[in-house]
Amino acid sequence: FGLAGPVNLTLRANQTAGYIRINTIDIREGAVGVDDPASWSGIYFQDVPVKITAIPVPGYRFVRWQETGSGDAELTLVLTEDITLTAEFEKED
């Protein structure tokens, strides 16, 4: 297929405030293959886009991605190296 090598993607979120979706997989308690939804890691191919979305639970709102400072809850990334993303949520007023 001519794919580049693998990269490690780590996603972190405070599960009482929200969770992260990668492509179509919700990284939450009880999801198949998700042992620790607060700090989940997966292996993906370089140069293949992945869609990552921070989803707050009722009563909370998404603030930003800690590592990038982006306030966009939905990101499409083309991974070229190992990366960690932490979703920051806060209680709504």
Side-chain angles (χ1 to χ4, degrees):
F1 292 105
L3 296 171
V7 295
N8 191 46
L9 171 63
T10 301
L11 300 174
R12 295 184 177 146
N14 175 348
Q15 296 292 291
T16 60
Y19 61 96
I20 298 172
R21 176 178 293 144
I22 179 159
N23 294 325
T24 60
I25 301 168
D26 290 343
I27 307 301
R28 325 178 59 160
E29 189 73 36
V32 176
V34 177
D35 295 327
D36 181 6
S39 183
W40 176 88
S41 291
I43 297 172
Y44 290 82
F45 287 107
Q46 291 181 42
D47 302 323
V48 176
V50 293
K51 182 177 166 185
I52 301 168
T53 308
I55 302 169
V57 298
Y60 286 83
R61 69 178 186 88
F62 174 73
V63 177
R64 69 183 180 110
W65 296 100
Q66 186 177 65
E67 293 78 8
T68 67
S70 173
D72 294 329
E74 186 177 296
L75 302 174
T76 299
L77 301 176
V78 177
L79 304 175
T80 58
E81 61 187 3
D82 293 350
I83 186 172
T84 297
L85 290 171
T86 305
E88 289 186 8
F89 300 97
E90 68 181 15
K91 238 179 178 350
E92 292 180 325
D93 294 329

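Heavy atoms only: backbone and side chains are in, while hydrogens, waters and symmetry mates are out.
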### Task
Using the salt bridge (Lys or Arg N to Asp or Glu O under 4.0 Å) rule, collect all pairs that involve residues 27-48, keeping only residues at least two apart or in two chains.
none
## Note on the structure
ring pair (Phe, Tyr, Trp, His ring centres under 6.0 Å) pairs touching residues 63-82, sequence neighbours excluded, are Phe62-Trp65
## Note on the structure
Applying side chain to side chain contact (heavy atoms under 4.5 Å, CB included) to Val34 and not counting sequence neighbours gives Ile27, Ala31, Pro37, Trp40
### Message
Once side chain to side chain contact (heavy atoms under 4.5 Å, CB included) is applied, do any residues pair with Asn23, and if so which ones, sequence neighbours excluded?
### Response
Tyr44, Val50, Lys51
Only counting residues at least two apart or in another chain, list the ones meeting salt bridge (charged side-chain N to carboxylate O under 4.0 Å, His left out) with [X].
X: Glu90; value: Arg61
X: Arg21; value: Asp26
X: Glu67; value: none
X: Arg12; value: none

If you take all heavy atoms of [X] and [Y], which pair is closest and at what distance?
X: Thr80; Y: Val7; result: C-CG1, 3.9 Å
X: Ala4; Y: Phe45; result: O-CD2, 3.3 Å
X: Phe89; Y: Ala54; result: CZ-CB, 4.0 Å

### Message
So does Asp82 get a backbone contact from the side chain of Asn8, meaning a donor-acceptor N/O pair under 3.5 Å?
### Response
no
When hydrophobic residues are tied together by side-chain contacts of less than 4.5 Å, even through go-betweens, does [X] share a cluster with [Y]?
X: Leu85; Y: Ile25; value: yes
X: Val63; Y: Ile20; value: no
X: Leu79; Y: Leu75; value: yes

Got a sec, which residues hit side chain to side chain donor-acceptor pair (under 3.5 Å) with [X], two or more places apart in sequence or on another chain?
X: Thr84; answer: none
X: Asp72; answer: none
X: Gln46; answer: none
X: Thr10; answer: Ser41

### Query
Looking at CG of Leu11 and CD1 of Ile83, how far apart are the two atoms once the value is rounded to the nearest 0.5 Å?
9.0 Å
### Task
Enter the distance from Leu9:CG to Ile22:CD1 here, rounded to the nearest 0.5 Å.
4.5 Å
